[in-house]
Amino acid sequence: MTTRRKLLTIVCESDLEKKLGDEVMAFGAHGYTVTEARGRGAGGERDAAWGPSGNIRMEVICEAAVADSIAAHLRKTYFEHYALVLYMSDVDVLRGEKF
Amino acid sequence: MTTRRKLLTIVCESDLEKKLGDEVMAFGAHGYTVTEARGRGAGGERDAAWGPSGNIRMEVICEAAVADSIAAHLRKTYFEHYALVLYMSDVDVLRGEKF
Amino acid sequence: MTTRRKLLTIVCESDLEKKLGDEVMAFGAHGYTVTEARGRGAGGERDAAWGPSGNIRMEVICEAAVADSIAAHLRKTYFEHYALVLYMSDVDVLRGEKF
Amino acid sequence: MEPVVVFFLLGVAGGLLRSDLKFPPAFYEAISIYLLLAIGLKGGVELARHPLASVIVPSLVVLALGVAIPLAAYPILRYAGGLKRADAASIAAHYGSVSVVTFAVASAFLVRQNVSHEGLLTVFLVLLEAPAILIGVMLARGVGAGTAFGPVAREVVLGKSVFLLLGGLVVGWVIGPEGIAPLGPLFIDLFKGVLALFLLEMGLVAARQSAALRRFGPFLLVFAIVMPLLSAALGLTAGHLLGLSIGGLTLLATLAASASYIAAPAAMRIAVPDANPALSLGASLGITFPFNLIVGIPLYYQAAIRVNGG
Amino acid sequence: MEPVVVFFLLGVAGGLLRSDLKFPPAFYEAISIYLLLAIGLKGGVELARHPLASVIVPSLVVLALGVAIPLAAYPILRYAGGLKRADAASIAAHYGSVSVVTFAVASAFLVRQNVSHEGLLTVFLVLLEAPAILIGVMLARGVGAGTAFGPVAREVVLGKSVFLLLGGLVVGWVIGPEGIAPLGPLFIDLFKGVLALFLLEMGLVAARQSAALRRFGPFLLVFAIVMPLLSAALGLTAGHLLGLSIGGLTLLATLAASASYIAAPAAMRIAVPDANPALSLGASLGITFPFNLIVGIPLYYQAAIRVNGG
Amino acid sequence: MEPVVVFFLLGVAGGLLRSDLKFPPAFYEAISIYLLLAIGLKGGVELARHPLASVIVPSLVVLALGVAIPLAAYPILRYAGGLKRADAASIAAHYGSVSVVTFAVASAFLVRQNVSHEGLLTVFLVLLEAPAILIGVMLARGVGAGTAFGPVAREVVLGKSVFLLLGGLVVGWVIGPEGIAPLGPLFIDLFKGVLALFLLEMGLVAARQSAALRRFGPFLLVFAIVMPLLSAALGLTAGHLLGLSIGGLTLLATLAASASYIAAPAAMRIAVPDANPALSLGASLGITFPFNLIVGIPLYYQAAIRVNGG
Ligand SMILES: Nc1ncnc2c1ncn2[C@@H]1O[C@H](COP(=O)(O)O)[C@@H](O)[C@H]1O
Ligand SMILES: Nc1ncnc2c1ncn2[C@@H]1O[C@H](COP(=O)(O)O)[C@@H](O)[C@H]1O
Ligand SMILES: Nc1ncnc2c1ncn2[C@@H]1O[C@H](COP(=O)(O)O)[C@@H](O)[C@H]1O
Ligand code: NA
Ligand code: NA
Ligand code: NA
């Protein structure tokens, strides 16, 4: 009944939302989910108290190969200059063909 | 110390929140967590700019059997007509008897 | 390319955010991500309609040992008197040294 | 052109140009709450000036109007438009119910024309919100044994739109003109400015809805312009029966012509799952809403003058 | 009845009927920030009219009141009510601290009665917010060696309630009457309307809180009505000592009688984890808050007339 | 001191004392939308009083100013400050662009001095927002073959700041003085109060930004105070060329001296990733913004008097 897919979660500064969304789709994902977030990390506290200090948390369910290519792209494009954290895990989805 | 449980995550249109919450409990879950979300998928962009275009993201930690019966119910009830995505994974919880 | 780490997720009443954030860092985590949440559980409905009824959802990616010591601390400190749910899973991260 | 409508056009421009302007969801919610409550309050204060008994007959006429419009729309959608049952029923519900903001713009229009209207009109607004939604559910499901209308009725009446309008009406009625005075700076003076902000946001949203509609061919587009004209005619007829003033006629025609995009979508989404919300919202918000704002309201006003003068 | 209280009742009705109306959390927060700041500002402007030295003695008396009330409440809760130590201490803290919104409603009440009051009262409001919370922590933990009050004190004073009230007070005092004039349309004229909105929301919340209270039996219910009366008597006594006017007496009695549901819950939740927040919020917000709004304020006003006239 | 600046200082105090006061993100957003739109509207209504042709030459002069300031700032940052290319370019863009809130405070300052200004100034505000950002991107990337300015230009012009200012300007121009009248209670009367709220929030934020700056040594600190003075001189020169009044000169000098912390950061973050945002925000928001509010505006006003009188 279920199919195994990758769940790729990205936490990064809000300013990247639009660009990231487009890129994720371009790499072959069929959708994503975004929530507002705040947090702390190597770049200090990002408390979402005003525009430039907010984070987003983006989740992408996709095939492992797509997840890998998105991750590789983000690593190359954003790791050096942006506050961005990325992690992956396995999830079981219904309607596997959707992702 | 920890017990293995299922984490069932549902992303769907906000209008379903109340109904879904009640159903999830009726199927034997003992709680759930909801966050506001937006996203993209087969149904296009849902950007939460106004009421009808918002999503929610609901997480339910429960026993595998409960997760399966919730998933089956949602598949039957909502897949055809609603923007709804659902996935499952294993998590380790403290106080396993709580879930 | 990726390293395995623990993803510790905590759902609890908003009032704890500041204290919890500090404690998590003190136990050796290098960051965390917070989103606003609401939910239902043993303590009834927490619908975020006003200050005292809101939840937060905090995610910490860290080494397994750190996750365990945070979990042990939270269990000891908060389980008895606070609405707090906690679960763990494995995730694969890039830049493992970051976490 | 009514100034607040210019804000709507700015929003539409932003939407079409894909500006990244977006109102935070909480801001949109807060403004909605304010507008609904303020309209209710103002209506309640007006109402306090009339004996309550005089409300009963007009209310029944208006309820009939709220039932007649969706019943008239449904066969058009189903047989002329060839839409499937659920969609026809859902769209009929949207057009039978009302748009609170269209009502507010029409009121602003009347103020600019120095035309007054009966306090009762806000009661009509509240009365027209719910019945069409119930009719829509019946049309979709049939009036069979298994159908439970209770939950839907409950949902609509305790849903925030009706609750705030009705609640405002009752509070306004209880506290009366002197009670409202110290609240006036918020609920009266700011009203039009907040309405302008809301219309800016609705312009952004409407631009996207009308884009979605393009996929569904010309029938809905024509329907979304012709149906309000038919409904307005029904509204004028009912208003004439009730002997309304020119202002009252204009508002009742506008109410009839307007299509819901807040209460109806939420209710239909749950009660009639197999109706496609892109169709009903595309028509009601993407076409009928701008049409009424720009063309409809002045037209209904002209028609009201003829009806009242005739 | 004071108009804003009618909004509260509407909210209670919505809560009891389980309407799906809900203020977005950000809206609730924004309104709170506004109300606290506006009250502070108004008080600060008033204060600018008095020499600062004249504030010292009254302040000490009021501080004593803020210590006395929780010390009086604690034994009642602990021994008459049989509550466990943490709960008795936490509830005592809530009742010793104050409800800013109850204060605002009492001020509105006085405006309607055409009764003025001393500018000092806003200072009293700020002074009464914190001490009871510290007393509550002491009662719960004992004044032992290991107890660190610094963090709790810091938390309360820099917490947003006290910071905004006190900050507003200072800003109002600095900019004075001419400085506030151009800010008046926001901070003065809109005040009562925003208060009405807030009371609508608090009604929704209070309805749920009082439901939670039912589980805990009749003692708390009685306490939540009798304690404000006792505290009001203490407040009137203190006010009489200070020679306050009828308006000032009414407000000080109201402050004494009111129970905190913003600052105290947040502080007690962290400082006294084993106190059950459903008890303290159920009593303070579910019973005492509505009681003061509807019955208490007019009563304290009558009492103030007697005290002042006597 | 201008009253709204006192709110800024309260925010700074809260930030330094680490108060837990925090505006919800949606509230911050809502206030920004309001302020930008209100400024645009007011400017548009003013503009409606002038023939449109008279705008062209001044606009070109002001555009030149918007290009000149970042070109002047860049070599200072790069060679005197030893900053790397991307950082120098990004900071230059921030200082060439403008702070809408600084402009609003300067307008409020002029109102208190009873000094009027040309309606054109809001147009200048809009015109100065974008060019420096494009110059900054060019400075960072070079004007090579592969550089696509289209997306950046699009981003800035359809970004919410410029869209709301420009949109407000157009709407104000279309609806004119009578159209704005019923919207005045929201967009005019409340303006200063909302500005005060916004400044409170910006104080909280600025306190944190200036802390971040400490890590980067004294050069940026000096730059953040000297650069506005240079820019103000350029602004006064341009304004003198255009024959502006004292009020107009003050505002143009303030615009030139102000540094962007809304539009520029968002654009530079995407277009020049290797620039460190802590540097540019630390300088523009942590130092220059408070400097202009407290010292700069009165200074530019004095200078404007000399220039205009000389
Ligand atoms: N160890 C972590 N666990 C969870 N979230 C993190 C962690 N580290 C960083 N983050 C999130 O990622 C954002 C950027 O991280 P950084 O680039 O390390 O500053 C932070 O603001 C957090 O929201
Ligand atoms: N591949 C995906 N990964 C993560 N979230 C998704 C994905 N596809 C859809 N979603 C979410 O589920 C919602 C409904 O999806 P859909 O029914 O495909 O339109 C979207 O608005 C997204 O928030
Ligand atoms: N089974 C569950 N699955 C997901 N979230 C839960 C669950 N139980 C509780 N929660 C969350 O944890 C919060 C506190 O739970 P409790 O202490 O059980 O009242 C709730 O308000 C929910 O947000
Ligand atoms: Na209608
Ligand atoms: Na008290
Ligand atoms: Na500048």
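Order of the sequence lines fixes the chain letters, A, B, ..., with proteins taken first and strands second; residue numbering starts at 1 for each chain.
Listed by first then second residue, pairs satisfying ring pair (Phe, Tyr, Trp, His ring centres under 6.0 Å) with a partner in residues 14-54 of chain B read B/F27-B/H73, not counting sequence neighbours.
Between chain C and the options B/V34, B/D90, B/L7, heavy-atom pairs under 4.5 Å are most frequent for B/V34.
In this structure, chain C has heavy atoms under 4.5 Å from both the backbone and the side chain of B/L94. When heavy atoms are compared at a cutoff of 4.5 Å, B/M58 does not approach chain C at all.
Contact detail for C/S89 and B/V91: the closest heavy-atom pair is CB-CG1, 4.1 Å. Looking at every heavy atom in both residues, B/R95 comes nearest to C/L84 through NH2-O, 2.7 Å.
Atom OG1 of B/T35 sits about 13.0 Å away from atom CD1 of C/I56, to the nearest 0.5 Å.
Considering C/R57, C/R40, C/R38 as possible partners of B/E59, the one that fulfils the salt bridge (Lys or Arg N to Asp or Glu O under 4.0 Å) test is C/R57.
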